[in-house]
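Read through the structure below, which is laid out as structure tokens, and then see the notes.
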Protein chains: 2
Amino acid sequence: MSRSPHPRRRATLASLASELNVSRTTISNAYNRPDQLSTELRDRILQAAKRLGYPGPDPVARSLRTRKAGAVGLVIAEPLTYSFSDPAALEFVAGLAQTCEEAGQGLLLVAAGPGRSLADGASSVLSAGVDGFVVYAAAGDDPYLKAVLDRRLPTVVIDQPREVPGASWIGIDDYAAMRELAEHVLGLGHREIAVLTMRLGDRDGEVALVDEDRLRASTFHTQADRIAGVRDAMAAAGLDPAGLTLVEALRQGPTAGGAAAELALRSNPRLTALLCTADALALSAMDYLRGHGIYVPGQMTVTGFDGVPEALRRGLTTVAQPTVAKGRRAGELLHHPPRSGEPVIETLPVELIRGRTSGPPAG
Amino acid sequence: MSRSPHPRRRATLASLASELNVSRTTISNAYNRPDQLSTELRDRILQAAKRLGYPGPDPVARSLRTRKAGAVGLVIAEPLTYSFSDPAALEFVAGLAQTCEEAGQGLLLVAAGPGRSLADGASSVLSAGVDGFVVYAAAGDDPYLKAVLDRRLPTVVIDQPREVPGASWIGIDDYAAMRELAEHVLGLGHREIAVLTMRLGDRDGEVALVDEDRLRASTFHTQADRIAGVRDAMAAAGLDPAGLTLVEALRQGPTAGGAAAELALRSNPRLTALLCTADALALSAMDYLRGHGIYVPGQMTVTGFDGVPEALRRGLTTVAQPTVAKGRRAGELLHHPPRSGEPVIETLPVELIRGRTSGPPAG
DNA sequence: TTGAAAGCGCTAACAC
DNA sequence: GTGTTAGCGCTTTCAA
């Protein structure tokens, strides 16, 4: 391609300038303000750049000078391996990525792996060259979230936790959504129901029954709010919320919902409805039930939450979240911040999907 | 949180230093080499930092100085919207993301949207602060690829194009894989077969029959190699490769394979096998066939390529690629470059999956 | 149109 | 254990 060998030392804007006997400003202008110099000179510069293997202004140096990185950082509390197998998270990322693409910005996936000590864990966040952060569904005490806030960059929190000072928030009304879903189920006549929830905080094991203390100590507000919605719907229907069977799936994975369903049914064999706080849980529970000859919805009503494609395809009764829109709004907030400069709190609408997995209880 | 109001001007390492009457080096050491100063001094510094709202060394300035960005860039030729709906691409990204996470590096998704002019289109690539690039399945003449190479950073090309000077390459033997698959189909007795391929280059429309010129001009080697594999298998089986029906799906989407199948069958109604160069195409084609009462494999053999989860679940006869491994290897090559510094060429193994969608021709 | 000067905030040698 | 010096490569006033 290039005839002359490349110099060992990388070409820089300065070296190009001295080579051509023009000032550094002029080279800079050739790239950033083409209208500030003659076409002729500019062509000469670009040609020389090609000859010398100068790839254009160094992005890092430019960032330092302009105080703009041209990218937003995305922090997901879970290991990326999980996130990439979570359809809801994926849709969110897709929405965010769309706006980044439109804005010509990069999207930096920040490593937030298992090394979750404050010292080490936060380092990746601290060293990310970005103009703003999106934090996806973090626990209230997440060290990465803390590290992000310390950076004092524009930040958008998704779902979780609520009310982070200085940060914008985008999410849904988890309480109302789940309450409406519960009312639908109770309206069908169910009286013995269980909630299968995602994990409420750190704890070992696979699945576990949840007691009052555990629930109160939850660092995941979304989950707690959804449970509260169910309880209040029960109370409003004249049932004792204390009678709710509550099981927590501590690990992700394709069998989590099944294991949770099994524990719930063992704990209360008279259950006729399993309300799951995630579609993934519900789909897994359905697989388990089918494997054990329990017919849905004839013998058991199952509901989900999120409205991921597979759930809709399989006719799951669920609450559809505007997952892609969440991602888009987060991106827009960062790319085009509101004039006021104030953090924004946005509650997005959801839709109750009455699918084929809910029906009146047997008998 | 902090009692004292924050200064309007952001604190920097230098301001902290003069505040504490120590040198900048000492502050730097407090963050980067804790063992180089007394615990006592270090604590005093960290405390003062917290008080002044100093978030630690600026990542961009550090990058400039150390010449390390702490991130790798991923360039995908398609708009991100497509990529996020392509299971194979997603698995690849997941694999790459895993290694980044393990290495504590960020993964920068580079905007490579529709603004594909050389001047404008490449700008996002030019301004990415990264230590290396991964380019996923680009066309031979992709402007982003060119821009990436101009940056002269360590680069790994996936699948496409082959033989990029100075860049490593990871992919599979497309020719051999497809030839083996074709031999399987021919071995079942098929004589009238079609290949449904992904697009071979830029062109308008939805689907089109492919002629010799079009094939020769293809900028997508993977596709062309797979077709060559089928042709050679035909020749080896005593069939005339010219008799191959060849249809190109020009647009992505859930109905692309169906449209391609329709055109193929219209072009040659005696077809008994459709070899698709992507699972997505094959699954879509199967949906189309079922909708038209054509039974698979009884009346029509259908095969795919990639081995995405849905394809395996539906029993598609296909070639399984090590998609996640591809991503992992790309990451490893960037995070732990081989001592020699030479670009690496790696052909990963594939596996022919004899599924339930291939069988002997009818009659 | 072009150039000179002044940093952006940090770290790596090397001296003390 | 701590400080001094010298940039990393660039953009941006401001003046010519």
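A quick note: this is a predicted structure, and the numbers were derived from the prediction, not measured. In what follows, chains carry the letters A, B, and so on, assigned in the order in which the sequence lines appear, proteins first and then strands, with residues in each chain numbered from 1.
Per the geometry, OH belonging to B/Tyr31 stands 14 Å off C1' belonging to C/dG9, to the nearest Å. Regarding B/Leu13, its CG atom lies at a distance of 13 Å from the C1' atom of C/dC8, rounded to whole Å. At whole-Å resolution of the value, CG in B/Leu16 and P in C/dT11 are 12 Å apart. One atom, CD1 of B/Ile27, and another, P of D/dG3, lie 9 Å apart when rounded to the nearest Å. Look at CD on A/Glu40: it is 11 Å from P on C/dT1, rounded to the nearest Å. What separates CG of B/Asp58 from C1' of C/dG7 is a distance of 14 Å, to the nearest Å.
For the segment residues 60-68 of chain A, the set of residues with a heavy atom within less than 4.0 Å of an atom of DNA chain C comprises A/Leu64, A/Arg65, A/Arg67, in numerical order.
A/Glu19 pairs by the salt bridge (Lys or Arg N to Asp or Glu O under 4.0 Å) definition with nothing, not counting sequence neighbours. The ring-ring contact (aromatic ring centres under 6.0 Å, His included) search around A/Phe220 returns none, not counting sequence neighbours. Every residue was checked against the side-chain hydrogen bond (donor to acceptor under 3.5 Å, both in side chains) condition with B/Ser18, not counting sequence neighbours, and none meets it. By the side-chain hydrogen bond (donor to acceptor under 3.5 Å, both in side chains) test, A/Thr25 pairs with no residue at all, sequence neighbours left out.
Backbone-only contact: A/Tyr54 has heavy atoms under 4.0 Å from sugar-phosphate atoms and none from a base. Within 4.0 Å of A/Arg42, counting heavy atoms only, lies no atom of the nucleic acid at all.
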Show the distances under 3.5 angstrom between N or O atoms of the protein and N or O atoms of nucleotides 2-5 of chain C.
| unit_1 | atom_1 | unit_2 | atom_2 | d |
| --- | --- | --- | --- | --- |
| C/dG3 | OP2 | A/Ser23 | N | 2.8 |
| C/dG3 | OP2 | A/Ser23 | OG | 3.4 |
| C/dG3 | OP2 | A/Thr26 | OG1 | 2.8 |
| C/dA4 | N6 | A/Thr25 | OG1 | 2.8 |

Give me, pair by pair, the N or O atoms of the protein and of nucleotides 14-16 of chain D that are less than 3.5 Å apart, along with how far apart they are.
none

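Using a 4.5 Å heavy-atom threshold, the side chains of B/Ser83 and B/Leu90 count as separate.
Each ring-ring contact (aromatic ring centres under 6.0 Å, His included) pair with one or both residues in residues 51-86 of chain A, not counting sequence neighbours, appears once here: A/Tyr31-A/Tyr54. Note on residues 61-73 of chain A: pairs passing salt bridge (Lys or Arg N to Asp or Glu O under 4.0 Å), not counting sequence neighbours, are A/Arg67-B/Asp58. A side-chain hydrogen bond (donor to acceptor under 3.5 Å, both in side chains) check over residues 328-346 of chain B, counting only residues at least two apart or in different chains, returns the pairs B/Gln98-B/Arg328, B/Glu102-B/Arg328, B/Arg329-B/Glu332, B/Arg329-B/Glu346. Screening residues 156-168 of chain B for side-chain hydrogen bond (donor to acceptor under 3.5 Å, both in side chains) gives B/Asp159-B/Lys326, B/Gln160-B/Thr222 as the qualifying pairs, with residues at least two apart or on separate chains.
In this structure a side-chain-to-backbone donor-acceptor pair under 3.5 Å is missing from B/Thr81 to B/Pro79.
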Under 3.5 Å, side-chain donor or acceptor atoms of residues 33-40 of chain B against the rest of the protein: list the pairs with distances, not counting sequence neighbours.
| unit_1 | atom_1 | unit_2 | atom_2 | d |
| --- | --- | --- | --- | --- |
| B/Ser38 | OG | B/Leu41 | N | 3.2 |

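For D/dC10, neither phosphate oxygen OP1 nor OP2 lies less than 4.0 angstrom from any side-chain nitrogen or oxygen of A/Ser28.
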